[in-house]
Amino acid sequence: MKIAVVGLGFVGTTSLLGFAHLGMDVIGVEKNDKKLTGFKKGKIPFFDKDLQEKFSKSDNLDFLSSISEIDSDIRDILVCVETPLIKSSLDLSVVKKALYEICETRKGMNIWLRSTLDDPNEINKLNKIVINSNNKLFLFPEFMREANCWKDFLNPAFTILAGNDVENTNFYNELVKHFNVHQCNYAEAITVKISSNAFHALKVTFANELQYLKYKDQIDIKKVMKIFCSDTKLNISSKYLFPGEPYSGPCLKKDTLALSSMLSEDIRESSILKQIDISNEKQIDLIIKKIENSKYSTIGFYGLEFKEGSGDIRNSYLIRLIKRINGKEIHIFDDSITNEELSKVLESKFHIEESLNDLIENTDVIFTKFSTKFDTNKELIALDSL
Ligand SMILES: NC(=O)c1ccc[n+]([C@@H]2O[C@H](COP(=O)([O-])OP(=O)(O)OC[C@H]3O[C@@H](n4cnc5c(N)ncnc54)[C@H](O)[C@@H]3O)[C@@H](O)[C@H]2O)c1
């Protein structure tokens, strides 16, 4: 298979050498004369020992200075040009220029965009232009790390492809021979890419903030984090990473606030640790707004415990949420705690029902985290879907 790679920075050079290594004939397109001359003389334009070594040994590569020179028998073009950060969003002007150039001169191309992108609406607009010129646009984001490009190319964290009918392309069928491919839409591909890096940044900042604990002199933070990371059940796992309700229960809020209060004053106000609970409370406010704006006037809540089977409503965010809702008649039933206990925690303005049937009977809608338990025609709204 023959492909072209446009833009030979870290991503383009790695793609060029990587796909050549996998047996493809690859043509590199680089508009910068100095870089192009370097390639022609056998030198990649940046320091990377593995890539330089691979380049010195490769023989199925060719180089061009512009998109217009790409051979007419090539059907797949990987675009790896820069998308610099301007203020806090990405500048797509170089990507657009490269795509327009392809679309003005070619038809029947599969364009694989490897550059990092942020706004799916912009990509949808670009896709219309690409389709109108009888070409196809796919996203193929890159997850490699500088200085680890070669290893990450051969063994990527994941391989994501986005775009209609991607599985009917030859390039897709080549890729699945080597990599485990996830298919998704443009917006999902963009989200996985930029949220992965944001998550890495969050981990770095979280760990670094722990160096500013007031009692830091009493701990070996590297030892602490080594123990912390040995928990692959909760700490280093997919646990807690699927969006749903705000956190609740007796421990997460308490310990998060306790930890942030132990940070030195130099960093506490700007810290992520302090922001965690502020963000969680904001999410509760947003759920309240959605409930207040719903069309229903008589609403029910089933199940207030913070976790199914715990029977524990201490610090359940639902208690705070219910107390803060305005303009609705609220009915409640919870079979895991006594009505006496519920009345103690809630005030008399709420209707505490004797049974689930009464709750169903007396309300227009029921908000619950346990929607699978219900066998009713009543409208149910899962709290983790709000
Ligand atoms: N650097 C990384 O490790 C990394 C990792 C993952 C994703 N990314 C993303 O990949 C993209 C590329 O990153 P990079 O670091 O390789 O960029 P880079 O700036 O090092 O390289 C881009 C190259 O494209 C060339 N170029 C631009 N327009 C061209 C055109 N029309 N024709 C031919 N050549 C053209 C430029 O001259 C430049 O050499 C960015 O969106 C970046 O955010 C980078």
Side-chain angles (χ1 to χ4, degrees), residues 3-19 26-40 43-52 55 61-71 74 77-86 88-106 109 111-120 122-123 126 130 135 137-162 186 189-201:
I3 63 168
V5 176
V6 175
L8 301 180
F10 278 95
V11 173
T13 303
T14 311
S15 302
L16 175 98
L17 297 169
F19 289 114
V26 192
I27 291 182
V29 184
E30 174 53 57
K31 68 174 183 187
N32 180 302
D33 284 344
K34 217 170 139 197
K35 286 187 183 175
L36 194 62
T37 312
F39 278 112
K40 288 182 175 166
K43 202 169 164 352
I44 64 168
F46 48 86
F47 180 78
D48 188 302
K49 238 174 119 211
D50 290 338
L51 291 183
Q52 183 59 55
F55 184 46
L61 298 171
D62 219 342
F63 294 94
L64 304 170
S65 62
S66 84
I67 288 169
S68 61
E69 297 167 49
I70 295 175
D71 306 19
I74 286 184
I77 303 181
L78 274 56
V79 174
C80 307
V81 300
E82 63 271 32
T83 49
L85 189 67
I86 308 269
S88 53
S89 58
L90 299 179
D91 174 10
L92 298 188
S93 58
V94 185
V95 165
K96 287 181 183 170
K97 222 170 147 198
L99 289 190
Y100 295 156
E101 205 181 334
I102 298 171
C103 292
E104 276 161 16
T105 52
R106 307 291 295 254
M109 290 294 113
I111 304 170
W112 303 87
L113 204 43
R114 304 220 78 187
S115 308
T116 300
L117 309 164
D118 52 0
D119 185 352
E122 283 295 309
I123 304 310
L126 279 177
V130 173
N135 294 300
L137 182 66
F138 301 103
L139 304 192
F140 177 21
E142 175 54 61
F143 290 88
M144 66 184 202
R145 296 158 295 168
E146 284 174 26
N148 268 290
C149 297
W150 187 249
K151 287 188 194 94
D152 287 349
F153 178 89
L154 294 177
N155 188 18
F158 30 57
T159 301
I160 296 180
L161 296 176
Y186 291 160
I190 290 171
T191 311
V192 176
K193 167 67 193 168
I194 57 181
S195 59
S196 293
N197 276 339
F199 187 50
H200 305 159

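Numbering of ligands and ligand atoms starts at 1, following listing order. Basis for what follows: all heavy atoms, side chains included, without hydrogens, waters or symmetry-related copies.
No donor-acceptor pair under 3.5 Å is formed between the side chain of Asp91 and the backbone N or O of Ile86. A donor-acceptor contact shorter than 3.5 Å is absent between the side chain of Asp118 and the backbone of Ser89.
Of the inter-residue distances, the one linking Glu69 atom CD with Ile27 atom CD1 reads 10.0 Å to the nearest 0.5 angstrom. Here the OG atom belonging to Ser115 is positioned 8.5 Å from the CG atom belonging to Leu99, to the nearest 0.5 angstrom. Rounding to the nearest 0.5 Å places CZ of Phe143 at 4.5 Å from CZ of Phe158.
Within the listing of ligand 1, atoms 10 (O), 11 (C), 41 (O) sit less than 4.0 angstrom from a heavy atom of Ser115. Taking every non-hydrogen atom of Lys35 and a distance limit under 4.0 Å, the qualifying atoms of ligand 1 come out as 38 (C), 39 (O). Atoms of ligand 1 lying under 4.0 Å from at least one heavy atom of Cys80, given by number and element, are 12 (C), 22 (C). Annotation for ligand 1: atoms under 4.0 Å from non-hydrogen atoms of Val6 are 30 (C), 32 (N), 33 (C). Within ligand 1, counting atoms from 1 as listed, the ones closer than 4.0 Å to a heavy atom of Glu146 are 1 (N), 2 (C), 3 (O). Atoms of ligand 1 found under 4.0 Å from any heavy atom of Thr83, numbered from 1 in the order shown, are 40 (C), 41 (O), 43 (O). Those atoms of ligand 1 that come under 4.0 Å of a heavy atom in Lys193, given as number and element, are 6 (C), 7 (C).
With hydrogens left out, the protein atom closest to atom 14 (P) of ligand 1 is Phe10 N, 4.0 Å, a heavy atom. Closest protein heavy atom to atom 13 (O) of ligand 1: Val11 CG2, 3.8 Å. Closest to atom 19 (O) of ligand 1, if we only count protein heavy atoms, is Glu82 CB, 3.5 Å. Atom 37 (O) of ligand 1 has Glu30 OE2, 2.6 Å as its closest protein atom, hydrogens excluded (heavy atom only). Taking atom 24 (O) of ligand 1 as the reference point, the nearest protein heavy-atom neighbour is Gly7 CA, 3.1 Å. Looking only at heavy atoms of the protein, atom 34 (N) of ligand 1 is closest to Lys31 N, 3.2 Å. Counting only heavy atoms of the protein, atom 7 (C) of ligand 1 lies nearest to Thr116 OG1, 3.5 Å.
Residue Gly9 holds the heavy atom nearest to atom 18 (P) of ligand 1 of all those in Gly12, Gly9, Ala147.
Two residues are said to be in side-chain contact when any heavy atoms from C-beta on lie closer than 4.5 Å; Gln52 and Phe55 meet this criterion. Taking the side chain as every heavy atom from C-beta outward, Leu16 and Phe63 approach each other to under 4.5 Å. Side chains of Leu78 and Val26 form no contact here, defined as non-hydrogen atoms less than 4.5 Å apart.
When each of Asp50, Thr14, Thr13 is checked for a side chain to side chain contact (heavy atoms under 4.5 Å, CB included) with Cys149, only Thr14 meets the rule.
With a heavy-atom cut-off of 4.0 Å, Val81 touches ligand 1 through backbone and side chain alike. Here Val94 has side-chain heavy atoms under 4.0 Å from ligand 1, and that is the only part of it that gets that close.
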Legend entry - side chain to side chain contact (heavy atoms under 4.5 Å, CB included) between Leu117 and Glu122, worked out: CA-CA 9 Å; Leu117 309 164; Glu122 283 295 309; over 6 Å; no

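In this pair, Phe140 and Phe19 present their aromatic rings tilted. The plane angle is within the 30 to 60° band.
At least one heavy atom of Met144 lies less than 4.0 angstrom from ligand 1.
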